[in-house]
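These notes are about the structure you will find just below.
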Amino acid sequence: MRKIFKFLIIAGVAMSISNCSKSKLGAYEGEKPELDIKEYFNGPIKAWGMVQDWRGKVTRRFDVEMKGEWEGNKGTLTEHFKYYDGKTQDRVWHITKLSDDRYEGRASDVSDVASGMTSGNTINWHYHMDLEVDGKKYNIKFDDWMWLMNDGVLINRSYLKKFGIKVAELTIFMQKQDK
């Protein structure tokens, strides 16, 4: 009986966690301006960002030039990062629109398929990325939230976790540019 009780508690917690992002995302239903991923990530975008460690200390700053292109429900987002320490990095996302509110994405340093879901002005992405820190690679879980603001501004907050513990946060401000 004790094992069954333990199993039910674990199953209940697991179900609560899996529904947590969906319920959090539902809070943005109907929020304006409505985020259309295909429209926003089509054409040039400029971005500015920073990484903070688990204590909140800014450890890295960067600028990003992005360009999105869509053909039907398949999109490509090319990102070129320029870090303030002089290093650069490129990433290409391949995004597929699965339904009105569901997306998936792939990139060479993303170790699984990124899954995204939209509601109102918001999208929430979940994925694992291989990050290099001080010459070592770590597989980090991203809980990635983006909110569309007025004037083509998109705010991106990512919570990076290892073994369920927050190790860093990422903040990016994006602005859609004229084509």
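Keep in mind that this is a model prediction, so the values were computed, not measured.
- Distance check: Gln89 CD to Lys87 NZ gives 10.5 Å after rounding to the nearest 0.5 Å.
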For side-chain contact (heavy atoms from CB on, under 4.5 Å), just list the numbers for Glu104 and Leu98, CA-CA rounded to whole Å, side-chain angles, deciding distance to a tenth of an Å, and then say yes or no. CA-CA 7 Å; Glu104 71 177 24; Leu98 303 174; 4.0 Å; yes

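- Under the 30°/60° scheme for interplanar angles, the aromatic rings of Trp93 and Trp125 are found to be tilted.
- Summarising the geometry of Ala168 relative to Val51, their closest heavy-atom pair is CB-CG1, 4.3 Å, with the distance given to 0.1 Å.
- Distance check: Gln52 CD to Lys166 NZ gives 8.5 Å after rounding to the nearest 0.5 Å.
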Got a list of side-chain donor-acceptor pairs under 3.5 Å for residues 132-139, not counting sequence neighbours?
| from | atom 1 | to | atom 2 | distance (Å) |
| --- | --- | --- | --- | --- |
| Asn139 | ND2 | Ser111 | OG | 2.8 |
| Asn139 | ND2 | Asp130 | OD1 | 2.8 |

Applying side-chain contact (heavy atoms from CB on, under 4.5 Å), run through Thr122 and Leu35 and close with a yes or a no. CA-CA 6 Å; Thr122 307; Leu35 178 57; 5.8 Å; no

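- Using a cutoff of 4.0 Å between basic side-chain nitrogens and carboxylate oxygens, Arg157 and Glu169 are scored as salt-bridged.
- A cation-pi arrangement is found for Arg60 relative to Tyr83, the charged atom lying closer than 6.0 Å to the ring centre and inside a 45° cone about the ring normal.
- With contacts defined as side-chain heavy-atom distances shorter than 4.5 Å, the pair Lys97/Ile37 does not qualify.
- Using modelled atom types, one finds no donor on one side chain facing an acceptor on the other under 3.5 Å when comparing Thr88 with Asp90.
- A heavy-atom distance below 4.5 Å is not found between the side chains of Tyr103 and Asn73.
- Note on Ile172 and Ile140: same hydrophobic cluster, where clusters join Ile, Leu, Val, Met, Phe, Trp and Tyr whose side-chain heavy atoms are under 4.5 Å apart, directly or indirectly.
- For the pair Leu154 and Met149, the minimum side-chain heavy-atom distance is 4.5 Å or more.
- Ser115 OG to Arg102 CZ: the interatomic distance, rounded to the nearest 0.5 Å, is 8.0 Å.
- Using a 3.5 Å distance cut-off with no hydrogens or angles, the side chains of Ser158 and Asp144 do pair a donor with an acceptor.
- More than 12 heavy atoms of other residues, nucleotides or ligands sit less than 6.0 Å from atom NZ of Lys162.
- Pairing each heavy atom of Gly26 with each of Ser119, the nearest pair is CA-OG, 4.3 Å.
- Criterion: ILVMFWY side-chain heavy atoms under 4.5 Å apart, direct or through other members. Under it, Leu148 and Phe173 are not part of a common hydrophobic cluster.
- Met146 CE to Thr118 OG1: the interatomic distance, rounded to the nearest 0.5 Å, is 12.0 Å.
- Within the 4.5 Å cutoff, the side chain of Trp145 has heavy atoms near those of the Tyr159 side chain.
- Between Trp70 and Thr76, the closest side-chain pair of non-hydrogen atoms is not below 4.5 Å.
- Within 6.0 Å of NZ in Lys38 there are more than 12 heavy atoms belonging to other residues, nucleotides or ligands.
- For the pair Met66/Met174, a side-chain contact is recorded, criterion being any heavy-atom separation below 4.5 Å from C-beta on.
- Rounding to the nearest 0.5 Å gives a distance of 6.0 Å between NZ of Lys46 and CD of Gln177.
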Mind running side-chain contact (heavy atoms from CB on, under 4.5 Å) on Lys141 and Leu160 for me, showing each step along the way? CA-CA 6 Å; Lys141 180 180 179 182; Leu160 289 65; over 6 Å; no

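- Heavy atoms from other residues, nucleotides or ligands lying under 6.0 Å from CD of Glu29 number 12 at most.
- Counting non-hydrogen atoms of other residues, nucleotides and ligands closer than 6.0 Å to CH2 of Trp48 gives a total above 12.
- In the hydrophobic cluster analysis, where Ile, Leu, Val, Met, Phe, Trp and Tyr join through side-chain heavy atoms closer than 4.5 angstrom, Val64 is grouped together with Ile45.
- In this structure, CG in Asp143 is found 9.5 Å from OH in Tyr127, a value given to the nearest 0.5 Å.
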Derivation and outcome, side-chain contact (heavy atoms from CB on, under 4.5 Å), residues Asp63 and Phe81: CA-CA 6 Å; Asp63 299 334; Phe81 291 80; over 6 Å; no

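- Side-chain contact between Met117 and Asn124 is absent, with no heavy-atom pair separated by less than 4.5 Å.
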